[in-house]
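Report on the following structure.
In the text below, chain A, chain B and the rest are named by the order of the sequence lines, each starting its count at 1.
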Amino acid sequence: MHEATLAANVLKIVSRAAAGKENRVARITVSVGELAGVMPAALIFAFNALKKETPLDRADLILIKEPVTACCDDCGTDYQPGPFPYHCPACGSRSFRITGGEEVRVKSMELKKEI
Amino acid sequence: MCKTDHNHLEDIDLDCLVQEEDLRHSDRLKAAFRAAGVRGIGLLGSPGSGKTTLLEHLVPELMKKRRVAVIEGDLATDNDARRIQAAGAPAVELNTDGACHLDASMVETAFAELPEPKPELLLIENVGNLVCPVDFPVGEEIRLAVISAAEGEDKPLKYPAAVLRTEGVIITKTDLAPYVRVNPDKMVAYVRDMNPHSRVFLAHMDAAGKLVTEAADGGCSLEDWLLG
Ligand SMILES: Nc1nc2c(ncn2[C@@H]2O[C@H](COP(=O)(O)OP(=O)(O)OP(=O)(O)O)[C@@H](O)[C@H]2O)c(=O)[nH]1
Ligand SMILES: [Mg+2]
Ligand SMILES: [Zn+2]
């Protein structure tokens with residue numbers, strides 16, 4: 001369980017990006033790759049615990065799933081695989097490289113007027 | 001577009017990798033290892049899957065060809081480092097005190113503690129865990145996932161990241177397969193279906209307690225693959 005480390009990183013990234021802005025951060029959108037070893041509920045729990053007594057204490061964390069994507073070794077088609085074994089929808093090849101779904105990214109933040 | 005939420009001001013795109021620092025640290029360490037002629041190999045797998053037993057077997061074999069050292073990661077105790085030292089190689093133990101994985105800075109510190117001359121082949125056994133270490137590279141060139149037959153036939157399918165995000169998988173304890181109603185060939189087939197680029201190996205303990213490994217995919221031996 002390293003969700004606390006990830007949540008601390010999210011806070012660090014957003015605090016840096018929001019520094020000097022007049023408006024407050026209301027929402028943070030984070031994408032979680034399906035192949036990242038992250039439990040969404042644990043990440044939200046850790047975020048909500050760590051945001052207290054920081055300028056981001058009223059920010060909500062929204063998680064979106066980033067699907068696995070692959071690129072066919074034989075014809076170069078990018079695709080979203082179904083269940084195993086993965087196979088290319090264009091040529092049927094079973095050989096591929098993973099191109100997405102491994103990462104956790106802070107996608108965006110939404111600011112609101114301070115009220 | 002009519003905005004109903006009048007407080008709404010702006011959306012700012014960030015698109016920042018949450019693990020940027022960890023990944024950069026691992027890349028730096030890998031570059032430093034390469035420059036120093038060190039080839040890093042990562043081992044990861046569930047508690048008790050047989051990582052240290054495999055290393056105890058490999059160390060004397062690999063030492064015939066290269067200078068070898070081992071970094072051991074565990075929540076507690078230095079048992080594994082002592083087992084490796086008994087097998088003949090220098091070893092440093094990293095205790096994570098609860099953390100579920102090693103990271104590049106810990107490995108960098110442990111490497112500095114290894115005696116001179118530094119190894120040409122550095123084997124890094126991660127904390128017993130089939131999930132978290134996958135997300136934290138520690139400067140290795142290749143990673144080997146260690147999955148024992150005793151854990152159950154479907155484990156490759158249930159832990160896809162360990163198969164898709166590593167370069168090799170070894171199915172250990174196949175001698176126990178009949179007792180736990182597992183067909184190791186099926187585990188090999190799962191891995192091959194899941195990751196066409198993965199090297200696949202098998203390991204079992206013979207009646208004398210000696211570990212025997214073999215390639216399950218027609219490729220070179222485990223030792224040769226690790227030596228690179
Ligand atoms: N029968 C059999 N037992 C094995 C085999 N490999 C390992 N073992 C046994 O499995 C137990 C755990 O092995 P370790 O090598 O300590 O496992 P590990 O993955 O290093 O464990 P942690 O470091 O605690 O995560 C030991 O009692 C080993 O003797 C094998 O191929 N066959
Ligand atoms: Mg061990
Ligand atoms: Zn194709």
Other residues, nucleotides and ligands only: do more than 12 of their heavy atoms fall within 6.0 Å of [atom1] on [X]?
X      : atom1 : value
B/H204 : NE2   : yes
B/Y159 : OH    : no
B/K30  : NZ    : yes
B/R39  : CZ    : yes
A/Y79  : OH    : yes

Taking atom [atom1] of [X] and atom [atom2] of [Y], what is their separation to the nearest 0.5 Å?
X      : Y      : atom1 : atom2 : result
B/E10  : A/K112 : CD    : NZ    : 13.5 Å
B/L164 : A/L35  : CG    : CG    : 5.5 Å
A/I13  : B/D15  : CD1   : CG    : 10.5 Å
B/L17  : A/E103 : CG    : CD    : 5.0 Å
A/E3   : B/C100 : CD    : SG    : 7.5 Å
A/T5   : B/D103 : OG1   : CG    : 8.5 Å

Inset, instruction - Mind ranking A/V68, A/V38, A/V30, A/D73 by heavy-atom pairs under 4.5 Å with chain B and telling me who comes out on top? - result: A/D73
Legend entry - Interface moiety of B/F136 toward chain A, non-hydrogen atoms closer than 4.5 Å: side chain
Legend entry - Part of B/D135 within contact of chain A (heavy atom distance under 4.5 Å): side chain
Legend entry - B/H197 (side chain) donor-acceptor with A/S95 (main chain) under 3.5 angstrom: no
Heavy-atom pair of closest approach, residues [X] and [Y]:
X     : Y      : value
A/V10 : B/V18  : CG2-CG2, 3.8 Å
B/Q19 : A/N9   : CA-ND2, 4.5 Å
A/A36 : B/R165 : CA-NH1, 4.0 Å

Ion pair [X]/[Y], N-O distance below 4.0 Å:
X      : Y      : answer
A/K107 : B/D13  : no
A/K12  : B/E21  : yes
A/R94  : B/D193 : yes

Inset, instruction - Please state whether the side chain, the backbone, both or neither of A/L6 comes within less than 4.5 Å of a heavy atom of chain B. - result: both
